[in-house]
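In what follows, chains are A, B, ... by sequence order, proteins preceding strands, each numbered from 1.
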Number of protein chains: 2
Amino acid sequence: MTLQDAIGSIQPVDQDCLSRTQRRLDRLTKPVGSLGRLEELAARYVAITGEERPPIPRAAIFTFAADHGVVAEGVSAYPSAVTAQMVLNFLRGGAGVNVLASHVGAEVRVVDIGVAHEFGPLPDLIHRKVARGTKNFLREPAMTREQAIRALEVGVTLAREAVNDGIGLIGTGDMGIGNTTASAAITAVMTGESVAAVTGRGTGIDKAGLARKAAVIEQALSNRQPDAADPLDVLAKVGGFEIAGLAGLILGGAACRRPVVLDGFISGAAALIAAGLSPLCREYLIASHLSVERGHQAVCTKLGLRPLLDLGLRLGEGTGACLAISLVHAAIKVLTGMATFDEAGVSERLS
Amino acid sequence: MTLQDAIGSIQPVDQDCLSRTQRRLDRLTKPVGSLGRLEELAARYVAITGEERPPIPRAAIFTFAADHGVVAEGVSAYPSAVTAQMVLNFLRGGAGVNVLASHVGAEVRVVDIGVAHEFGPLPDLIHRKVARGTKNFLREPAMTREQAIRALEVGVTLAREAVNDGIGLIGTGDMGIGNTTASAAITAVMTGESVAAVTGRGTGIDKAGLARKAAVIEQALSNRQPDAADPLDVLAKVGGFEIAGLAGLILGGAACRRPVVLDGFISGAAALIAAGLSPLCREYLIASHLSVERGHQAVCTKLGLRPLLDLGLRLGEGTGACLAISLVHAAIKVLTGMATFDEAGVSERLS
């Protein structure tokens with residue numbers, strides 16, 4: 001599926017379905033609205049999928065991994081080698097996302113979309129490398145526009161294949177040393193916030209490092225002049241391959257009428273790109289959590305999303321998305337598993 | 001186990017254990033602290049139980065049901081008959097707590113501690129009725145001091161039996177038409193907040209009803225003069241049997257070195273009584289969520305607890321506790337299932 005096909009096939013979610021579902025929720029044995037955001041999630045799930053009595057969807061977290069040339073500027077607390085090392089950790093099941101995905105019954109699909117390392121024929125890795133990391137976007141564009149489109153289409157295609165394969169709920173995840181720098185650059189451009197307001201400590205850089213990181217982004221935006229009205233331009237000039245893949249995954253999920261559960265800041269930056277390409281895709285997004293990473297609140301505000309959780313997370317990988325997948329499953333079970341007042345013989349409220 | 005035995009056997013949690021666990025968490029393949037409150041939960045779980053590599057504990061939600069004489073004053077949107085009807089709904093598995101407990105792999109144990117209805121020999125109901133509902137505390141004390149102690153000891157004993165039976169994680173739940181009125185009265189007395197500041201809409205009473213409810217509580221506190229320095233006096237004069245049972249459950253859980261996951265406002269009022277009887281028991285509490293019910297924030301502040309979730313819930317029954325039990329399980333899996341940097345061969349941070 002091409003990028004244009006995906007964008008062209010995204011439809012608004014079904015508002016009638018949403019209203020009918022809320023009326024059903026109001027008949028269940030509880031005070032109206034008393035399950036709060038679980039009710040909101042159930043209604044949105046039905047409006048997205050069109051399934052009025054949905055089964056519990058199989059869920060998959062897509063963890064896209066890529067490297068970032070801008071790490072050469074000293075913007076991260078960890079060396080680039082960690083990206084590839086963590087990919088191997090994902091494949092062995094030892095990372096946070098493995099543990100939390102298993103906890104909620106989700107699969108983890110690990111995608112090499114731009115790691116600066118040749119893994120060889122690892123059977124469990126999804127090999128979709130577009131390049132061995134981005135260029136250093138302080139000095140030159142991170143990638144070509146053509147590479148950005150290829151990386152987006154990797155995500156679109158993986159979403160469609162997953163849905164064809166029976167996945168009903170798609171979670172986003174990322175691994176890429178340096179990717180909070182690219183995400184902050186994208187966020188500054190796409191939200192209009194200052195670089196200082198959206199640049200955070202990432203994996204845990206110190207105060208001097210944070211100042212350097214913000215200065216690198218400021219200078220890069222001045223050098224590259226990305227055009228906020230052209231999301232592909234922003235992505236190519238200051239983005240990352242994993243961010244592009246995630247933006248494609250979001251568009252592909254929306255095109256297939258499947259909810260996409262966003263992880264934290266990196267996934268949010270990808271969603272800004274996706275929503276720039278197709279504003280309608282926002283209706284398919286579920287914001288799992290509010291990251292500690294500075295800048296994530298600005299992303300959520302711009303997208304019109306209210307995160308479900310606020311647990312002080314800042315790991316990425318898809319860890320926050322896992323926890324929210326459990327809430328989506330819970331919401332569906334409320335909708336389909338609770339008795340109505342009539343069924344249970346429970347008295348209605350006093351008039 | 002008597003109430004005094006339980007109170008006397010509660011010990012401070014193990015701070016050395018907590019520190020050792022945090023050091024272990026810092027060696028896992030993630031930036032230090034990046035799993036936020038999941039790390040806090042894991043460390044607290046270990047400090048409470050003394051289990052350094054804990055297995056996933058079996059969890060049980062105790063849903064205590066009771067009626068309230070004060071409902072005669074028109075303080076609720078639903079008739080008292082709903083308490084017994086919902087008990088039957090719990091036993092048939094059709095209520096919110098059944099669905100969410102099943103979702104997280106927890107049992108639901110339903111306790112009749114004071115419902116104004118004779119259920120007969122229902123095998124799945126835990127029969128511990130102290131009386132057929134409280135008296136109308138606007139007119140007379142809700143219960144005698146002796147009844148309050150009996151109801152507390154029901155909770156203490158159920159907690160101890162559950163732990164002996166292999167339950168490692170205890171969740172609190174409640175059902176009782178009128179119980180936000182009793183809980184608001186307890187909260188006003190135990191926190192020193194004004195009645196208006198802690199009285200909310202409960203199951204959904206209208207504006208006039210809310211004013212009536214607050215006026216009833218004001219007048220009752222004036223009539224009864226509960227003594228904040230004597231939690232048993234407060235409980236007996238303006239409490240409820242389910243609140244007493246929950247306070248006992250909390251004390252019993254803490255006495256057995258088991259974490260108690262608090263549901264919302266009613267459970268919070270019970271925790272105020274329990275903490276009044278034994279301040280140490282607060283170290284064993286996990287606040288699952290911030291309820292929409294006005295007054296719950298004041299409860300959490302007084303107890304020094306920060307709720308994990310804020311999902312607009314106001315159902316009670318133990319529904320919020322269920323969702324937090326899943327987070328406790330997730331936290332334990334992070335602690336015991338993730339690889340360390342050494343094990344995974346992942347590079348450490350740059351110095």
> Where does Phe341(A) contact chain B at under 4.5 Å (heavy atoms): side chain, backbone, both or neither?
Replying inline: side chain

> If you round to the nearest 0.5 Å, how far is CG of Asn89(A) from NZ of Lys30(B)?
Replying inline: 12.5 Å

> Is it the backbone or the side chain of Ser326(B) that comes under 4.5 Å from a heavy atom of chain A, or both, or neither?
Replying inline: both

> Between the main-chain N or O of Ser347(A) and the side-chain N or O of Gln85(B), is there a donor-acceptor pair closer than 3.5 Å?
Replying inline: yes

> So which of Gly204(B), Cys322(B), Gly93(B) has the biggest tally of heavy-atom pairs under 4.5 Å with chain A?
Replying inline: Gly204(B)

>> So, taking the atom named CG in Leu38(A) and the one named OG1 in Thr319(B), what distance separates them when rounded to the nearest 0.5 Å?
In response: 8.5 Å

>> Below 4.5 Å, heavy-atom pairs only: which of Ala84(A), Gly316(A), Ala344(A) has the largest tally toward chain B?
In response: Ala344(A)

>> If the condition is salt bridge (charged side-chain N to carboxylate O under 4.0 Å, His left out), which residues does Asp112(B) pass it with, not counting sequence neighbours?
In response: Lys129(B)

> Aromatic rings His103(B) and His329(A): how do their planes relate, parallel, tilted or perpendicular, breaks at 30° and 60°?
Replying inline: perpendicular

>> For a quick test of reading the model, state the closest non-hydrogen atom pair linking Leu315(B) to Pro31(A) and the distance between them.
In response: CD1-CD, 3.5 Å

> How long is the gap from CZ on Arg92(A) to CD on Glu343(B), to the nearest 0.5 Å?
Replying inline: 10.0 Å

> Given that the side chain runs from C-beta out, which part of Glu348(A) has a heavy atom under 4.5 Å from chain B: side chain, backbone, both or neither?
Replying inline: backbone

>> Whether the side chain of Arg349(B) engages the backbone of Ile205(A) through a donor-acceptor N/O pair (distance < 3.5 Å, no angle test) should be reported.
In response: no

>> Please report the interatomic distance CG(Leu309(B)) to CG(Leu323(A)), rounded to the nearest 0.5 Å.
In response: 9.5 Å

>> Considering only residues two or more places apart or on different chains, which pairs with a residue in residues 69-87 of chain B satisfy salt bridge (Lys or Arg N to Asp or Glu O under 4.0 Å)?
In response: Glu73(B)-Arg139(B)

> Minimum heavy-atom separation for Thr29(B) to Met86(A), with atom names?
Replying inline: O-CE, 3.9 Å

> Is the backbone of Leu35(A) close enough, under 3.5 Å, to the side chain of Arg314(B) for a donor and an acceptor to pair up by distance?
Replying inline: no

> Between Ala81(B), Gly33(B), Gly202(B), which shows the greatest number of heavy-atom pairs under 4.5 Å with chain A?
Replying inline: Gly33(B)

> Side chain, backbone, both or neither: which part of Ser76(A) has a heavy atom under 4.5 Å from chain B?
Replying inline: backbone

> Heavy-atom distance under 4.5 Å to chain B: side chain of Leu100(A), backbone, both or neither?
Replying inline: side chain

> What part of Val104(A) gets closer than 4.5 Å to chain B, counting heavy atoms only: side chain, backbone, both or neither?
Replying inline: neither

> Gly345(B), Gly36(B), Gly96(B), Ala330(B): which one forms the most heavy-atom pairs within less than 4.5 Å of chain A?
Replying inline: Ala330(B)

>> Given heavy-atom pairs under 4.5 angstrom as the criterion, report whether the side chain, backbone, both or neither of Leu308(A) touches chain B.
In response: both

> Got a second to check how far Ile177(B)'s CD1 is from Leu350(A)'s CG, nearest 0.5 Å?
Replying inline: 9.0 Å

>> Is there a side-chain contact between Leu311(A) and Leu327(B) in this structure, where contact means two heavy atoms from C-beta onward sitting under 4.5 Å apart?
In response: yes

> How long is the span from the OG atom in Ser34(A) to the CD atom in Glu317(B), to the nearest 0.5 Å?
Replying inline: 8.0 Å

> Which bit of Val334(A) is near chain B, if near means a heavy-atom gap under 4.5 Å: side chain, backbone, both or neither?
Replying inline: both

